[in-house]
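We name chains A, B, ... by the order of the sequence lines, and we start the count at 1 in each one. FYI, side chains are in, hydrogens and waters are out, and symmetry mates aren't considered; it's all heavy atoms of this structure.
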Protein chains: 2
Amino acid sequence: MIRKEPLRPGGRSARVQASVHQAVRALQARHGRAGLTIPMIAAEAGVTPSTLYRRWGDLPELLADVAVERLRPDTPPRDTGSLRGDLEHWAEQIADEYASVPGRALIQDVLAANATPERAYQCCAFLREALGLVILRAQARGEPTPDVEMLIDGVMAPILYRILFLGDRPDKARVKALVARALQGLA
Amino acid sequence: MIRKEPLRPGGRSARVQASVHQAVRALQARHGRAGLTIPMIAAEAGVTPSTLYRRWGDLPELLADVAVERLRPDTPPRDTGSLRGDLEHWAEQIADEYASVPGRALIQDVLAANATPERAYQCCAFLREALGLVILRAQARGEPTPDVEMLIDGVMAPILYRILFLGDRPDKARVKALVARALQGLA
DNA sequence: CACCTAAACGCAAAGGATTTGCGTTTAACT
DNA sequence: AGTTAAACGCAAATCCTTTGCGTTTAGGTG
């Protein structure tokens, strides 16, 4: 949904986009992710391949577009009653989601689309938004809080680094330690 | 170089591999990275496309193979006389290298090769090795040292996260702060 | 409400890329 | 020197990608 909406005349943008996204989800669920092609997606979505080539350029771009939508959080972080609890619970949830086979593939799809780095930025923005909410709740409780960048560097970056480069979901103890370290020495 | 060496009969493995790697470097330097194709690389390397398809499967795998070799460090981290100095200097160097346009592309190539996650692991191993050396030198000086995983989480992960997801090379002040925080509270 | 315009789409042909079977060459081992 | 199996070159078949052109659609206008 990064493309500018057609403010000018023609364009059935929305309808095609929706059916293509749905087609990709269906095909990825049915077959694996490997071997997915643009003609295949076009057939499933009921459009011609040239439409997809014109709109997205190539398969990686299309997959990245779908991936960003799927990475968009559907629910805000759970309120556990404390900053530490919120962070631990939410970081665990993100780790589970991103370390799963489909989750890791989504991140790869986003990072592989080298034509539009804005998509990777968008994914980080989802995390920032969630962290911002957690921080606001903590401030409302009167707890001392770190800033968002500290949590990005101290908690999210290590989790994502390990998932991406080591194929390794950090275990609960490590996540707890990352959170503890990020909260260390607050006023 | 991940493939098992041909311990059995045939195979001119090494010769083809070398000329293909060289061809990719030459083509990426001449034209951009975009628009690179397997037939193009095959022509430059003086082999037939089918050879490359049989050995690597597809373009992302081939590019990932070349990228890992190019990410292999050629010199050990400089000895500045102190652990903090070594880490700061080396982290700056890695940040510069990985945040450059070709550097970022190499990392993307490595992460995009979803058939062989071992390559991403290998890249992390390069960093671990360098960090291990820095730590050994510090221990020889009698300095207290963190363990490698602490530095991976505290210094390398944030740098790489920001380069990959934000397209943003952390500035010198942030790198210094990351190092300082990772060294905080050592025995 | 009817008309106008430009973007998006479908179709189909042309141009490349990918796959695959088969014969040949190469390197290690005897 | 002979043997063997992997790797390679070649070429045909298949599939994907690109592109020109006519048609449809959505938004703007009189």
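For the pair Leu52(B) CG and dT20(C) C1', the computed distance is 16 Å after rounding to whole Å. At whole-Å resolution of the value, CH2 in Trp56(A) and C1' in dA8(C) are 12 Å apart. dC16(D) atom P lies 14 Å from atom CG of Asp58(B), rounded to whole Å. Whole-Å rounding puts the Arg15(A) CZ to dA26(D) P distance at 8 Å. Atom P of nucleotide dT18(D) and atom CG of Leu59(A) are separated by 11 Å, given to the nearest angstrom. Atom pair Arg54(B):CZ and dT25(C):P shows a separation of 16 Å (rounding to whole Å applied). Rounded to a whole Å, the CD atom of Glu61(A) is 20 Å from the P atom of dC16(D). Rounded to whole Å, the distance from CD1 on Ile38(A) to P on dG16(C) is 19 Å.
No hydrogens or angles considered: nothing links the side chains of Thr51(B) and Arg54(B) as a donor-acceptor pair under 3.5 Å. Side chains of Gln108(B) and Arg33(B): no donor on one and acceptor on the other come within 3.5 Å. Side chains of Glu143(B) and Ser82(B): a donor-acceptor N/O pair is absent below 3.5 angstrom, by distance only.
Salt bridge Arg78(A)/Asp86(A): absent, no basic N to carboxylate O contact under 4.0 Å.
Side-chain N/O atoms of Thr51(A) include none lying less than 4.0 angstrom from OP1 or OP2 on dA8(C). For dC9(C), one of the phosphate oxygens OP1 or OP2 lies less than 4.0 angstrom from a side-chain nitrogen or oxygen of Arg55(A).
Remark: Asp79(B) CG to His89(B) NE2 distance equals 11.0 Å, nearest 0.5 Å.
Side-chain atoms of Val47(B) lie closest to dG9(D) of the nucleotides dC16(D), dC21(D), dG9(D). The side chain of Pro39(A) sits closest to dC16(D) out of dA17(C), dC16(D), dC9(C).
Remark on DNA chain D: of its neighbouring residues Ser50(A) and Met40(A), the 5'-side contact belongs to Met40(A), judged by nearest-heavy-atom nucleotide.
Across all strands shown, Gly57(B) has heavy atoms under 4.0 Å from sugar-phosphate atoms exclusively, and none from any base.
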